[in-house]
Amino acid sequence: MAGMLYLVPTPIGNLGDISPRCRETLEQADFIAAEDTRVSLKLLNHLGIKKSLVSYYEHNKAQKGMQIVERILAGETCALVSDAGSPAISDPGEDLVKQCAEAGIVVCAIPGPCAVITALSISGQSTGRFCFEGFLSTSKKSRREHLESLKDEQRTMIFYEAPHKLCATLDSLQEVFGAERPISLCRELTKLHEEVIRTTIGGAIAYYETQPPKGEFVLVVAGAVPAEKQTVTTQDAKTRVTQLIAQGLSRKDAIKQTAQELKLPKNAVYEAALEDD
Ligand code: SAM
């Protein structure tokens with residue numbers, strides 16, 4: 001009789017978030033596959049659980065995956081954990097689940113901590129429809145291509161981000177979505193210094209110019225507003241013309257560019273620009 005694979009979520013910051021079912025599964029499994037055995041050992045020590053650990057991470061997963069599948073087929077039960085949160089979500093584990101499914105092994109996912117859902121729920125953005133985009137590339141070109149593919153995305157978009165890459169990512173987000181797009185920066189979730197900054201992409205860039213980013217981030221970016229729903233006011237047109245003139249454009253060019261950007265007839269922008277003058 002084959003064993004099973006359990007996906008066991010672990011706390012993303014607050015150790016109190018380990019559920020009784022997760023604890024029980026870790027206690028009862030024959031062995032635990034862990035992304036970083038040192039990190040998981042600390043958790044197991046905290047829980048008072050002694051169990052055989054095998055490492056399963058990005059660079060050994062092809063070979064280790066096969067060994068784990070063989071052990072499960074031989075009747076053992078494996079609990080898979082990652083460093084934090086739900087295994088297989090931007091974590092090693094995705095491939096192990098595929099391998100087990102292909103081998104006919106039953107896979108059971110225990111619900112629990114996951115940074116993407118925790119962030120979305122407190123973001124203050126629309127939660128009805130969303131897409132999770134994981135980590136953006138460190139290469140500017142690939143990051144830009146990824147974001148360009150989301151240019152017209154209307155669902156709320158969620159990204160994972162590391163502090164040292166945050167500013168470059170915010171710059172790329174601004175290039176594609178504009179400075180006014182709402183964003184919630186969810187930092188150090190469930191930890192002592194948990195913080196949610198609900199602002200615009202431009203506001204976030206300005207904030208982190210003086211405040212070095214620290215801790216782990218989830219970025220929740222509002223989706224695009226469908227063109228027919230956008231209500232561009234006369235004031236918006238006037239403000240944009242003033243901004244562009246301040247940036248050095250002639251009045252004529254500022255009106256032309258504003259009309260293009262806001263998809264308005266040129267004469268409407270011209271009249272808006274004259275208002276209150
Ligand atoms: N599997 C994990 C999960 O279920 O959320 C995600 C693992 S991924 C390798 C790590 C990323 O998750 C971090 O770079 C950060 O973007 C996000 N993350 C994890 N813990 C977090 C926390 N406490 N606060 C904010 N973001 C967190």
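Atoms within each ligand, like the ligands themselves, are counted from 1 in listed order. Below, all heavy atoms of this structure are taken into account, side chains as well, without hydrogens, waters or symmetry copies.
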If you measure every N/O of Ser86 against every N/O of ligand 1, is any gap under 3.5 Å? yes

Selected option - heavy-atom contact closest to atom 14 (O) of ligand 1, from Phe135, Tyr160, Phe159: Phe135

Please determine if Ile12 has a nitrogen or oxygen closer than 3.5 Å to a nitrogen or oxygen of ligand 1. yes

With atoms numbered from 1 as shown, which atoms in ligand 1 lie under 4.0 angstrom from a non-hydrogen atom of Ala115? 3 (C), 4 (O), 5 (O), 17 (C), 18 (N), 19 (C), 27 (C)

Verdict with reasoning, Ile68 to Gln99, per side-chain contact (heavy atoms from CB on, under 4.5 Å): CA-CA 10 Å; Ile68 292 169; Gln99 278 176 297; over 6 Å; no

Give the residue and atom name of whichever protein heavy atom lies nearest to atom 9 (C) of ligand 1, and the separation in Å to one decimal. Ser90 O, 3.1 Å

Modelled atom types, side-chain donor and acceptor of Gln28 and Glu24, under 3.5 Å: no

Considering only heavy atoms of Glu161, which atoms of ligand 1 have at least one such atom less than 4.0 Å away? 14 (O), 16 (O)

Nearest protein heavy-atom contact for atom 24 (N) of ligand 1: which residue, which atom, what distance? Leu189 N, 2.8 Å

With atoms numbered from 1 as shown, which atoms in ligand 1 lie under 4.0 angstrom from a non-hydrogen atom of Glu188? 23 (N), 24 (N), 25 (C)

Please check: side-chain N/O of Glu194 versus main-chain N/O of Thr190, any donor-acceptor pairing under 3.5 Å? yes

Backbone or side-chain N or O of Lys191 under 3.5 Å from ligand 1 N or O: no

Which of the atoms of ligand 1 are close to Gly85, meaning less than 4.0 Å from one of its heavy atoms? 3 (C), 4 (O)

Could you tell me the residue and atom name of the protein heavy atom closest to atom 16 (O) of ligand 1, and the distance to it rounded to 0.1 Å? Phe217 O, 2.6 Å

side-chain hydrogen bond (donor to acceptor under 3.5 Å, both in side chains) with Arg21: which residues, sequence neighbours excluded? none

For atom 6 (C) of ligand 1, tell me which residue out of Val218, Thr10, Ile89 has the closest non-hydrogen atom. Ile89

Step through it carefully: locate the ring centre of Phe217, locate the ring centre of Phe159, and say whether they are under 6.0 Å apart. no

What protein heavy atom sits nearest atom 1 (N) of ligand 1, and how far off is it? Asp91 OD2, 2.5 Å

Using a cut-off of 6.0 Å, state whether more than 12 heavy atoms not belonging to Lys191 lie near its atom NZ. yes

NZ/NE/NH1/NH2 to OD/OE distance under 4.0 Å, Arg144 and Glu148: yes

In terms of side-chain heavy atoms, does Glu161 have a donor or acceptor partner in Thr169 at a distance below 3.5 Å? yes

Would you indicate whether Tyr270, at its atom OH, is surrounded by more than 12 heavy atoms from other residues, nucleotides or ligands within a distance under 6.0 Å? no

For ligand 1, find out whether one of its N or O atoms is nearer than 3.5 Å to an N or O atom of Ala162. no

Students should be able to answer this: which protein heavy-atom is nearest to atom 2 (C) of ligand 1, and at what distance? Ala84 O, 3.3 Å

Please check if the side chain of Ser184 supplies one atom and the backbone of Leu219 the other of a donor-acceptor pair under 3.5 Å. no

Tell me which protein heavy atom sits closest to atom 20 (N) of ligand 1, plus the residue, atom name and distance to 0.1 Å. Glu216 OE1, 3.5 Å

